[in-house]
Amino acid sequence: MRAAPTILHLDMDAFFAAAEQASKPSLRGKPVVVGGLGPRGVVATASYEARRFGVHSAMPMGQARRLAPHAAYLVPRFAFYRAISGQVMELLGRLSPLVEPLSLDEAFVDLEAGGLADDSASARRVGERLRAEILATTGLTGSVGLAGSKMLAKIASEQAKPDGLVLFEPGTERELLAPRSVRIVPGVGPATGDHLRRAGISTVADVVEAGEDELVRILGRAHGASLYRMALGHDDRPVVAERDAKSVSVEDTFDVDLHDRLRIRLEVERLAERCVARLRASGHSGRTIVLKVRRYDFSTLTRSETLRGPTDDPLVVREAAERLLELVDTTGGVRLLGVGVSGLADYTQEDLFAQAEAEAGAAASTAGAATAGAGSAAKAAGDTAETVTGAGAEAGAGSGGGAAGAGDGTGPEGGAEGAGGLLAAVAAVVPRTATEAAARLWSPGNDVRHAVLGAGWVQGSGLGRVTVRFEEPTSTAPGRVRTFAVDDPELEPADPLPLVPGGATGAEPAVPAAPATPVVRAGG
């Protein structure tokens, strides 16, 4: 524990929802819910107005709609949020060389390492100045906690919400922690909390009273001893500027259970491609390929395969994921699929055998004029399917929209055995992906621009029409609403406008590539 409250924890207030309210004047002061809009979608973030109705993060979207039927429900715009997060993290970097980001909207800062604070008064001045700078730069508010440890700084920022600052003086830890739920201690999740509750331990004071020996008996030596120290206020964890990624993964929850084996295989291939794109963007390769399958009865199976060396070859990852799929019974239906790569390294050891097999397969596919012609037709159809599917937004709707941030919309690239099988697969996929492409392109919350009316955002779409509200972040009043055909040549997707003139826009192409960084939790 430090003698001065020089560890700062920043948590932006209802970050995704607040960014949407700031960019859309007609939503300011109204309930806004951001997340996957499909039947199995979940809430990523709810505005404080929506929280009054009981809506909260990780809640099923269907339940949120029942609680707050009149709220605005929007898909996330992750590139936009990342751009704003970059501005915030830059401000934090000016305070100290030790900044530990926890998510897009949350980070620890070691003020002592930056030489800006050595007592309570100076720490409070830095915190207040930071809040003012964030508001001026992004137009959004953040809550700040200051304490002598990471645990207490995070508790302080929670207490400060929304748009506040709370400082805990060192030496008051025991008094502050005693009446609080044991769940507030780092490392105590729902399962551990329930286990302790059954043992009669509900508050931090109960933990201290139980003693270290009893906690070790209940939880094991490492966890029990750590919990006892935390309950006494002893938290010596340093602020770590960089953390090595342990794995990269993507997953999709489907609106309707998948039963067709070919469709499931195509989805696995699509996930493998997206996973590799993120792996390469992070500058890593990996040895272990992991497949995650959640079945119709909510049972979740994982299968993994470790390669001879690390790779970032999409063919290698895709084929490994397909082999793992063969080990899973999907007869009853699949509600979620995921592909991940772990055992990360900063270099790639190419799989020469896989490359040789791929080259041999390519040579074989060109043997014979008839076969070659069929293969060309299949490839052309495959490219069409990929392009149509690629029109999706990062927070998918439809098959990829079950979870917030669960899709960038990149589509399958072949995958059936032989030209005939591929053409059949494309014939099955194209009608579905075309519908999804239109739905994602005109998803509620997406930015658009009209050749005459200017910038606006999608309020809703369906039956071949899209309703747009024309307003900008700097508008002083709610904008007017117009409805157009989805193929109106004067209406097109657009880049987000900055919340503050001259600020970051979070611009992204209308057909986004795989996101450069893994999607992370939204807090506050």
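Below, each value reflects all heavy atoms present in this structure, side chains not excepted, and no hydrogens, waters or symmetry copies.
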Exercise. Using modelled atom types only, decide if a donor and an acceptor are shared between the side chain of Thr138 and the backbone of Leu135 within a distance under 3.5 Å.
Key: no

Quiz prompt | Polar side-chain atom of Ser47 near backbone of Val32 as donor-acceptor pair, under 3.5 Å | solution = yes

Quiz item: What pairs of residues pass the salt bridge (Lys or Arg N to Asp or Glu O under 4.0 Å) test when at least one of them lies in residues 17-38, not counting sequence neighbours?
Solution: Glu20-Lys24, Glu20-Arg77

Quiz prompt | All pairs passing salt bridge (Lys or Arg N to Asp or Glu O under 4.0 Å) where residues 225-241 contributes a residue, at least two apart | solution = Arg229-Asp236, Asp235-Arg237

Exercise. Report yes or no: is the cationic atom of Arg335 (NZ for Lys, CZ for Arg) closer than 6.0 Å to the six-membered ring centre of Phe298, at no more than 45° off its axis?
Key: yes

Quiz item: Looking only at atom types and distance, does a side-chain atom of His284 sit under 3.5 Å from a main-chain N or O of Ser282, one as donor and one as acceptor?
Solution: yes

Practice problem: Measure from the side-chain N and O atoms of Arg40 to the backbone N and O of Phe254, and report whether any donor-acceptor pair falls under 3.5 Å. | Solution: yes

Self-check item: Leu219 to Gly224 - nearest heavy-atom pair and separation
Solution: CB-N, 4.0 Å

Self-check item: Candidate pair Arg449 and Leu497, rule side-chain contact (heavy atoms from CB on, under 4.5 Å), full reasoning
Solution: CA-CA 11 Å; Arg449 178 169 288 277; Leu497 296 173; 4.3 Å; yes

Quiz item: Ignoring hydrogens and geometry, is there a side-chain-to-backbone donor-acceptor pair from Ser23 to Ala19 under 3.5 Å?
Solution: yes

Quiz item: Is Lys154 paired with Glu106 through a side-chain N to carboxylate O contact shorter than 4.0 Å?
Solution: yes

Quiz item: Val290 and Ser304: which non-hydrogen atoms are nearest, and at how many Å?
Solution: CG2-CB, 4.0 Å

Quiz item: How close do Pro76 and Gly35 get, heavy atom to heavy atom, and via which atoms?
Solution: CD-O, 3.5 Å

Quiz item: So, the side chain of Ser96 versus the backbone of Asp110: is there a donor-acceptor pair under 3.5 Å, distance only?
Solution: yes

What donor-acceptor contacts under 3.5 angstrom involve side-chain atoms of residues 209-216, with partners at least two apart or in another chain?
residue, atom, partner, partner atom, Å
Glu214, OE1, Arg217, NE, 3.2
Glu214, OE2, Arg217, NH2, 2.6

Practice problem: Could you tell me whether the side chain of Glu305 and the main chain of Ala321 form a donor-acceptor pair under 3.5 Å? | Solution: no

